[in-house]
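Worksheet: one structure, shown below.
Order of appearance sets the numbers: ligands from 1, and atoms from 1 within every ligand. Every heavy atom of this structure was used, including side-chain atoms; hydrogens, water molecules and symmetry mates were not.
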Amino acid sequence: MTNAIDPVIVAKDLRKKYGDITAVNGISFEVRPGEVFGMLGPNGAGKTTTVEILEGMRDADSGEAIINGINVKDDPTAVKAMIGVQLQQNAFFDNLKLSEIVDLYAKLYLAKVDPVEVLSRVGLDNRKNAKYAELSGGQKQRLSVAVALVNDPVVLFLDEPTTGLDPQARRQLWELVRKIQAGGATIVLTTHYMEEAEELCDRIAVVENGEIIALDTPDALIDQLLSTGFKPEKRVREANLDDVFLNLTGHDLRD
Ligand code: ATP
């Protein structure tokens, strides 16, 4: 039986090998309800494999993955019904209208939703009759989040949601993530953008060679580094190139 303070995600000593390659080598962590939990790490560190085990898309060799009190191995169908997984762009049909795409995903989940309302959550209701092929990169990313929301997920998995987006579209997606968090969902976010993790994540796991080498809040991770006497190579200025870009081109979305 679960109660409000139980973790919504539990990963317990997860391990996974692909032939000779050890992708996940004993990963354990817990995520509390309503957290945005970041997974950072170099390419090939084992983030996707870990996330796919939690989603029930991949079997672990050993260990336990529990979502909302349910062991993923015991009941993957129940787990899939309560999670949202942001899909890769190319999984969509180019010639379907956005409202038809949302409707299709709602039917897959047996969810009763108004496609226009779902599109409005990601600011795409005004493009409901547009075809997928006609969308900009930022709009495609927002649509991929929209379809992950059709079943009102308890846990939303976002895999590099802002890769390839301009700074305006990236910030808009950050706003969307905050809105989804405020709505009560727990979010697992993998990203290669450190400023994105710092901005959005309540806690971060840094993964390397299939193991978690650090896990804490962004502030605590930075404080731990500074306490070692670390000094950044460049003098930190009060603005960065991102600020220059946004100052020159404005915060409005272009698409
Ligand atoms: P990235 O940041 O590049 O997405 P990642 O941290 O998500 O990387 P994984 O995709 O989990 O890392 O990969 C971990 C290791 O497992 C890598 O060495 C990768 O080559 C290997 N691997 C991943 N999927 C498979 C697969 N289906 N078959 C064989 N090896 C795989």
Identity of the nearest option to [atom], non-hydrogen atoms only, from [options]:
{"atom": "atom 15 (C) of ligand 1", "options": "Gly210, Gly46, Gly44", "value": "Gly44"}
{"atom": "atom 10 (O) of ligand 1", "options": "Asp159, Thr48, Thr190", "value": "Thr48"}
{"atom": "atom 5 (P) of ligand 1", "options": "Lys17, Lys16, Glu160, Lys47", "value": "Lys47"}
{"atom": "atom 18 (O) of ligand 1", "options": "Asn209, Thr22, Val51, Ile21", "value": "Ile21"}

Would you mind checking if [Y] and [X] are paired as a salt bridge, meaning a charged N to carboxylate O distance below 4.0 Å?
{"X": "Lys47", "Y": "Glu160", "result": "no"}
{"X": "Lys131", "Y": "Glu134", "result": "no"}
{"X": "Arg171", "Y": "Glu175", "result": "no"}

- Task: Give the residue and atom name of whichever protein heavy atom lies nearest to atom 11 (O) of ligand 1, and the separation in Å to one decimal.
- Result: Thr49 OG1, 2.6 Å

- Query: Among protein heavy atoms, which lies nearest atom 31 (C) of ligand 1, and at what distance?
  - Reply: Tyr18 CD1, 3.2 Å

- Query: If you group Ile, Leu, Val, Met, Phe, Trp and Tyr by side-chain heavy-atom gaps below 4.5 Å, do Val155 and Met39 land in one group?
  - Reply: yes

- Message: Are Ile101 and Val85 connected into the same hydrophobic cluster when the rule is that any two of I, L, V, M, F, W, Y join if their side-chain heavy atoms are below 4.5 Å apart?
- Response: no

Numbering the atoms of ligand 1 from 1, which are under 4.0 Å from a heavy atom of [X]?
{"X": "Ala23", "value": "14 (C), 15 (C), 16 (O)"}
{"X": "Asn43", "value": "1 (P), 2 (O), 3 (O), 8 (O)"}
{"X": "His192", "value": "2 (O)"}

Do the side chain of [X] and the main chain of [Y] share a donor and acceptor less than 3.5 angstrom apart?
{"X": "Asp61", "Y": "Lys17", "value": "yes"}
{"X": "Gln168", "Y": "Gly250", "value": "yes"}
{"X": "Ser136", "Y": "Gln139", "value": "yes"}

- Query: Quick one: does Met39 get within less than 4.0 Å of ligand 1, heavy atoms only?
  - Reply: no

- Message: For Gly19, state whether at least one heavy atom is located under 4.0 Å from any atom of ligand 1.
- Response: no

- Message: Protein heavy atoms near atom 3 (O) of ligand 1, is at least one of them under 4.0 angstrom away?
- Response: yes

- Crowded around Lys80 NZ? As in, over 12 foreign heavy atoms under 6.0 Å? yes

- Query: Hey, is ligand 1 close enough to Ala45 that some N/O pair sits below 3.5 Å?
  - Reply: yes

